[in-house]
Amino acid sequence: MYEVVVLATDGSTPARDACDQAIALARAEAATLHVLSVVDEGDLDLFSSGELPTVDDLLRGAAEDAVDDAAERAGNTGVDAVRAVRVGTPHREIADYADEVGADLVVVGTHGRRGLSRALLGSVAARLLRQSPVPVLVVPRSPP
């Protein structure tokens with residue numbers, strides 16, 4: 001049923017819960033798992049005063065860490081993962097990436113890290129549901 005599954009992650013706890021679901025699906029379906037993290041260009045704009053030249057590196061590093069963690073978790077279960085980090089508007093970049101790789105499903109957590117832009121503009125998952133070219137599995141946060 002699924003040949004290509006995209007996991008969108010920011011390394012947050014809900015994203016890690018979504019990771020577990022994406023890995024289980026990819027393993028059960030023998031699907032290719034793509035792990036994607038998007039550096040929100042809005043967050044870069046908030047901190048681009050020139051006074052903090054390493055913010056861009058820190059945000060990209062956090063995105064790469066989130067992708068590496070998810071790919072490692074997948075690898076530990078025998079699922080190989082394609083890694084990708086992009087910069088842009090998260091819901092648009094996720095939808096575009098899913099389209100580019102021919103995804104059959106996108107998996108996301110219900111809530112990710114909350115930057116000021118997310119508090120003002122709404123959740124990435126909600127926006128992705130409206131824009132994705134393929135079905136989106138939104139995984140709720142597991143109970144504490």
Side-chain angles (χ1 to χ4, degrees), residues 1-48 52 54-144:
M1 183 170 179
Y2 301 115
E3 293 180 17
V4 179
V5 175
V6 172
L7 166 66
T9 183
D10 61 6
S12 64
T13 299
R16 290 176 61 87
D17 293 337
C19 179
D20 294 338
Q21 292 293 318
I23 291 169
L25 277 167
R27 185 177 169 118
E29 299 286 329
T32 301
L33 179 63
H34 288 255
V35 181
L36 170 67
S37 188
V38 179
V39 177
D40 190 333
E41 66 187 356
D43 290 344
L44 291 177
D45 290 344
L46 284 173
F47 298 105
S48 65
L52 300 171
T54 61
V55 168
D56 182 61
D57 292 336
L58 291 172
L59 292 174
R60 287 176 194 269
E64 289 170 4
D65 289 347
V67 167
D68 289 344
D69 177 65
E72 182 179 329
R73 292 173 69 195
N76 290 341
T77 68
V79 174
D80 290 328
V82 177
R83 302 166 192 223
V85 172
R86 294 211 171 166
V87 175
T89 304
H91 70 279
R92 288 187 191 125
E93 290 297 327
I94 296 165
D96 289 349
Y97 185 85
D99 189 45
E100 289 169 22
V101 300
D104 302 300
L105 179 72
V106 175
V107 181
V108 295
T110 51
H111 298 87
R113 293 193 174 125
R114 295 180 191 256
L116 178 61
S117 62
R118 284 192 191 64
L120 296 174
L121 301 174
S123 81
V124 171
R127 289 172 177 257
L128 181 61
L129 283 168
R130 292 189 295 271
Q131 185 155 351
S132 178
V134 298
V136 177
L137 173 61
V138 181
V139 179
R141 185 175 184 173
S142 60

Report task. List the steps and the verdict of side-chain contact (heavy atoms from CB on, under 4.5 Å) for Q131 and I94. Result -> CA-CA 9 Å; Q131 185 155 351; I94 296 165; over 6 Å; no
Query raised in the report: Does some side-chain heavy atom of D40 sit less than 4.5 Å from a side-chain heavy atom of V38?
Result: no
Report task. Please tell me if the side chains of M1 and L105 come closer than 4.5 Å, counting only heavy atoms from C-beta onward. Result ->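 Not touching, per the 4.5 Å side-chain cut-off.
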Rounded to the nearest 0.5 Å, how far does [atom2] of [Y] lie from [atom1] of [X]?
X    : Y    : atom1 : atom2 : result
E29  : D104 : CD    : CG    : 9.0 Å
E100 : H34  : CD    : NE2   : 11.0 Å
R127 : R92  : CZ    : CZ    : 7.5 Å

Is the side chain of [X] donor-acceptor paired with the backbone N or O of [Y] at a distance under 3.5 Å, no angle test?
X    : Y    : result
S37  : T9   : yes
S132 : V134 : yes
E41  : V87  : no

Query raised in the report: Among all residues two or more places apart in sequence or in another chain, which pass the side-chain hydrogen bond (donor to acceptor under 3.5 Å, both in side chains) test with D20?
Result: R73
Which heavy-atom pair separates [X] from [Y] by the least distance, and what is that distance?
X    : Y    : value
D99  : P133 : CB-CG, 4.0 Å
V5   : A31  : CG2-CB, 4.1 Å
G109 : A125 : O-CB, 3.8 Å
A22  : L33  : CB-CD1, 4.0 Å
A84  : V67  : O-CG2, 3.5 Å
A18  : V108 : CB-C, 3.5 Å

Query raised in the report: Would the number of heavy atoms belonging to other residues, nucleotides or ligands and lying under 6.0 Å from CG of N76 be above 12?
Result: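 More than 12 within 6.0 Å, yes.
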